[in-house]
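Shown next, in structure tokens, is the structure this report addresses.
None of the values given here were measured: they were computed from a predicted structure.
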Amino acid sequence: GVHAPLVGHVLPTKIYDSADLHDKKHDSIESFFNHACNKVEVCLLSYHDEKTPLDVYWKNPSTHELSPHMTLQYGERHTRCFDSYLGHEFVAFDSVTQDPVGEALVVEYITVKAWGESPPHDERSNF
């Protein structure tokens, strides 16, 4: 959280209004909380291998089954951003060998995650 004196106003999308229940925007406070408070932006990118994309899977928290989520090409220009929820887990695999790459990502806050090592700054011109 942020210290109260530093916060000027709460974002309108983070304020619960029971009138929304009548408008069917949210059917319960739980629905509002899940949508407005648990949802965060996640950006993923690959520095794994220039020639081999990464297959990224979402891990179902109930069944632990992996579901295909996206394929990531190499480099910053192929960064993919999307909304996800706190606690969601994503796992990356080399698309050729199917070996796991790096550690799994568990979403704990707004996140930018790169699998692999970022090239030195002077080598980024090919991105």
Side-chain angles (χ1 to χ4, degrees):
V2 177
H3 292 291
L6 301 176
V7 178
H9 300 282
V10 177
L11 291 170
T13 58
K14 306 294 183 190
I15 298 173
Y16 177 72
D17 182 354
S18 61
D20 287 345
L21 291 175
H22 304 300
D23 297 336
K24 301 292 184 203
K25 188 172 183 182
H26 300 288
D27 59 1
S28 66
I29 192 161
E30 291 84 9
S31 169
F32 165 80
F33 183 81
N34 193 44
H35 180 76
C37 302
N38 282 339
K39 185 165 67 168
V40 295
E41 184 178 35
V42 175
C43 295
L44 304 177
L45 64 151
S46 171
Y47 292 128
H48 171 62
D49 183 331
E50 289 187 55
K51 296 181 176 119
T52 307
L54 289 181
D55 291 330
V56 178
Y57 293 81
W58 173 71
K59 187 175 183 180
N60 184 310
S62 301
T63 65
H64 302 288
E65 288 183 43
L66 297 178
S67 299
H69 185 67
M70 68 174 62
T71 298
L72 283 176
Q73 300 295 328
Y74 183 85
E76 292 173 13
R77 76 173 126 186
H78 298 291
T79 300
R80 303 273 303 275
C81 297
F82 56 95
D83 288 330
S84 188
Y85 292 88
L86 300 178
H88 277 190
E89 186 173 348
F90 296 91
V91 184
F93 293 89
D94 183 291
S95 64
V96 173
T97 66
Q98 291 303 306
D99 290 333
V101 175
E103 295 182 11
L105 164 67
V106 177
V107 177
E108 297 177 330
Y109 34 77
I110 296 169
T111 302
V112 176
K113 165 72 173 170
W115 280 285
E117 274 192 49
S118 174
H121 187 273
D122 58 343
E123 294 178 19
R124 292 186 181 188
S125 61
N126 294 335
F127 284 66

Could you go through residues 102-114 and list every donor-acceptor pair under 3.5 Å that involves a side-chain atom there, pairing it with any protein atom two or more places apart or in another chain?
from : atom 1 : to   : atom 2 : distance (Å)
T111 : OG1    : Y109 : O      : 2.4

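- Sorted by first and then second residue, the disulfide bond (SG atoms under 2.5 Å apart) pairs involving residues 39-94 (not counting sequence neighbours) are C43-C81.
- Here the rule is side chain to side chain contact (heavy atoms under 4.5 Å, CB included) with D55, and of L66, L72, T71 only T71 fits it.
- Annotation: side chain to side chain donor-acceptor pair (under 3.5 Å) contacts of T79 (sequence neighbours excluded): none.
- Other members of a hydrophobic cluster containing Y85 are absent, since no ILVMFWY side chain comes under 4.5 Å of it, directly or through relayed contacts.
- When the shell of 6.0 Å around CD of Q98 is examined, it contains more than 12 heavy atoms from other residues, nucleotides or ligands.
- Counting heavy atoms from C-beta outward, Y74 and K51 have side chains that stay 4.5 Å or more apart.
- Taking hydrophobic clusters as Ile, Leu, Val, Met, Phe, Trp and Tyr residues chained together by side-chain heavy-atom distances below 4.5 Å, L45 does not share a cluster with V40.
- By the side chain to side chain contact (heavy atoms under 4.5 Å, CB included) test, S62 pairs with N60, sequence neighbours left out.
- Annotation for E76 and Y47: closest pair OE2-OH, 2.8 Å, computed over non-hydrogen atoms.
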Would you tabulate the side-chain donor-acceptor contacts of residues 87-96 under 3.5 Å, counting partners in other chains and residues two or more places apart, or write 'none'?
from : atom 1 : to  : atom 2 : distance (Å)
H88  : ND1    : W58 : NE1    : 3.3
H88  : ND1    : S84 : OG     : 3.1
D94  : OD1    : V96 : N      : 2.8
D94  : OD1    : T97 : N      : 2.9
D94  : OD1    : T97 : OG1    : 3.4
D94  : OD2    : H48 : NE2    : 2.8
S95  : OG     : P53 : O      : 2.9

